[in-house]
Amino acid sequence: MLQQTRVPVVVDYYSRWMARWPTVHSLAAATQEEVNEMWAGLGYYRRARFLLEGAKQIIEKGEFPRTASELRRVRGIGDYTAGAIASIAFNEVVPVVDGNVVRVISRLYAIPDNPKESSTVKRFWELTGELVDPSRPGDFNQAMMELGATLCSKTKPGCSQCPVSSHCQALTLSSQNTSLQVTDFPRVVPKAKPRCDFAAVCVVQIAHALDQGVTCTMDMDNLFLLIKRPEEGLLAGLWEFPSVLVSEGKTDAMNRRKEMDKYLRQLLSIDVKRRSSVILREDVGQYVHIFSHIRLTMFVELMILNLEDDAKQLCKEGQDSTKLRFIDENAVESMGLTSGIRKVYNMVKAFKDKRLKEQSQVTTRKRGRGLK
DNA sequence: CACCCGTGGAC
DNA sequence: TGTCCAAGGGT
């Protein structure tokens, strides 16, 4: 959980996770779906899949791996995690190199090289390996990480209080050369700008047959259509509202609806337009979700349908419940959604609330006139 | 080696 | 408001 994720973000997830799956055995018996739901909102969802795979691997093996090289073979465990478990849990004398250690080491040895380059990474591991305290490798590794996380911070290092400042070559250099500072280490490497994607998102709500008219759109029994994303790639295997990527030049309302209609037709095996009465279809707004490598602009629309009975039946028959589900409002709010999809849902909900308020005002005014 | 894969807190 | 990046790993 802590891979590329800060402790404060993780703690609650960790508690819930460990309460539900306290042992490797119990986790190995869980389903991918359960694991996804528990992980929802934490990001880097492959970690959840790998953790489940890893647990199964270990059960298959029959014993928990106790050395870094054995741990390294488990799914989702790389050099860092293998070293951390081996040293902290089993006292193996091996180093760990995470983002914090990279900062500490690159300053201690005044390493000007690109910290992402493999040769430099190799050097970090070698240098840290020379320093590990053989009697307390776990404590040493945690101390190195803690030093990097606190005193030896990225922008404001507390060199005056640092217990190893007398060994720090970056500090020495900075005192000799005014143009060079401790914070120049590790070298900053420019990263690629995120690409821009555009998506049409349609929150499809199936109204009850009895519920005619917009006044019923807040009915708790109304169903939302959710789709399971492909098992590979971005947000793999997670649930979302029907979405289609559109090219940058075709983000206008007409093109978006055209693409969405095509998608829904294929998805539900029916022609939505012909087999339903559209109670409401309206643009809700757009939301820009920032991933680490993608800037995704989502154009959100709300569509409330009243399907003909036979079309509803077709939907049920045509739907593969492992890829497509109709879920009521309560369940949507309690289920595991990605943070972007949750944002979209809240947007739509606010939109409906506003609509309902406007409508009740209209009703009140009408009633007022009637009484006169 | 370059790129893919989320999220939110800090500054 | 924008930028950075965290207890990284896989392909």
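Chain letters run A, B, ... following the sequence lines, proteins first, then strands; residues in each count from 1. Side chains included, hydrogens not; waters and symmetry mates left out as well; all remaining heavy atoms used.
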Out of [options], whichever nucleotide has its closest atom nearest the side chain of [X]:
X      : options              : result
A:Q3   : C:dG9, C:dC5, B:dC1  : C:dG9
A:K191 : C:dG10, B:dG8, C:dC4 : C:dC4
A:D98  : B:dT7, B:dC4, C:dA7  : C:dA7
A:R46  : B:dG8, C:dG8, B:dG6  : C:dG8
A:R6   : B:dT7, B:dG8, C:dG8  : B:dG8
A:H293 : B:dG8, B:dC1, B:dC4  : B:dC4
A:S339 : B:dC1, C:dG8, B:dG8  : B:dG8
A:Y45  : C:dT11, B:dT7, C:dG8 : B:dT7
A:T81  : C:dT11, C:dG8, B:dT7 : C:dG8

Legend entry - Which residue lies more 5' along DNA chain B, comparing A:E117 with A:G233 via nearest heavy atoms: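 The answer here is A:E117.
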Inset, instruction - Look only at the side chain of A:R107 and the backbone of A:A170, and say whether a donor-acceptor pair between them is shorter than 3.5 Å. - result: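 No, the answer is negative, given that no donor and acceptor are paired below the 3.5 Å cut-off.
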Between [X] ([atom1]) and [N] ([atom2]), how many Å, whole number?
X      : N      : atom1 : atom2 : result
A:N100 : C:dC5  : CG    : C1'   : 11 Å
A:L42  : B:dG6  : CG    : P     : 11 Å
A:Y14  : C:dA7  : OH    : P     : 17 Å
A:L238 : B:dT7  : CG    : C1'   : 13 Å
A:N141 : C:dA7  : CG    : C1'   : 11 Å
A:L235 : B:dT7  : CG    : C1'   : 11 Å
A:Y80  : C:dG10 : OH    : P     : 15 Å
A:K156 : B:dC11 : NZ    : P     : 7 Å

Inset, instruction - Walk me through it: do A:F224 and A:Y345 pass the test ring pair (Phe, Tyr, Trp, His ring centres under 6.0 Å)? - result: CA-CA 10 Å; A:F224 291 96; A:Y345 177 75; 5.8 Å; yes
Legend entry - Nearest-0.5 Å distance that lies between atom CG in A:L225 and atom CG in A:L305: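 Spacing of CG (A:L225) from CG (A:L305) equals 9.0 Å.
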Legend entry - Residue pair A:F185 / A:L173: nearest heavy atoms and the distance that separates them: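 Smallest interatomic distance, heavy atoms only, reads CZ-CD1, 4.3 Å.
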Legend entry - Sugar-phosphate, base or nothing in reach of A:T155, heavy atoms under 4.0 Å: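 Contact class for A:T155: none.
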Inset, instruction - Under 4.0 Å between any heavy atoms, over every strand shown, what does A:R49 touch: base, sugar-phosphate, or nothing? Just pick one. - result: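 Since no nucleic acid heavy atom lies under 4.0 Å of A:R49, the category is nothing.
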Legend entry - Nearest-nucleotide 5' precedence on DNA chain C, A:F50 against A:L2: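 Nearest-nucleotide comparison on DNA chain C picks A:L2.
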Legend entry - P spacing across the pair C:dG9 / B:dG9, given as an integer number of angstrom: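 Result for the P pair: 23 Å, nearest Å.
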Legend entry - Nearest-Å distance once atom P is located in both B:dC11 and C:dA7: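 Between the two P atoms, the distance is 13 Å.
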Legend entry - Any N/O donor-acceptor pair, A:T5 side-chain to B:dG6 base, under 3.5 Å: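 Answer is yes: a donor-acceptor pair is held.
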Legend entry - Chi angles and distances behind the salt bridge (charged side-chain N to carboxylate O under 4.0 Å, His left out) call for A:E333, A:K349: CA-CA 11 Å; A:E333 291 184 8; A:K349 197 175 167 186; 2.9 Å; yes
Inset, instruction - Could you tell me whether the phosphate oxygens of B:dG6, OP1 or OP2, come under 4.0 Å of any side-chain nitrogen or oxygen in A:R47? - result: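 For B:dG6, OP1/OP2 do not have a side-chain N/O of A:R47 under 4.0 Å.
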Inset, instruction - Decide whether a cation-pi geometry holds between A:R49 and A:Y45; the criteria are a distance under 6.0 Å from NZ or CZ to the six-membered ring centre and an angle within 45° of the ring axis. - result: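 No; the conditions do not both hold, so A:R49 does not lie above the ring face of A:Y45.
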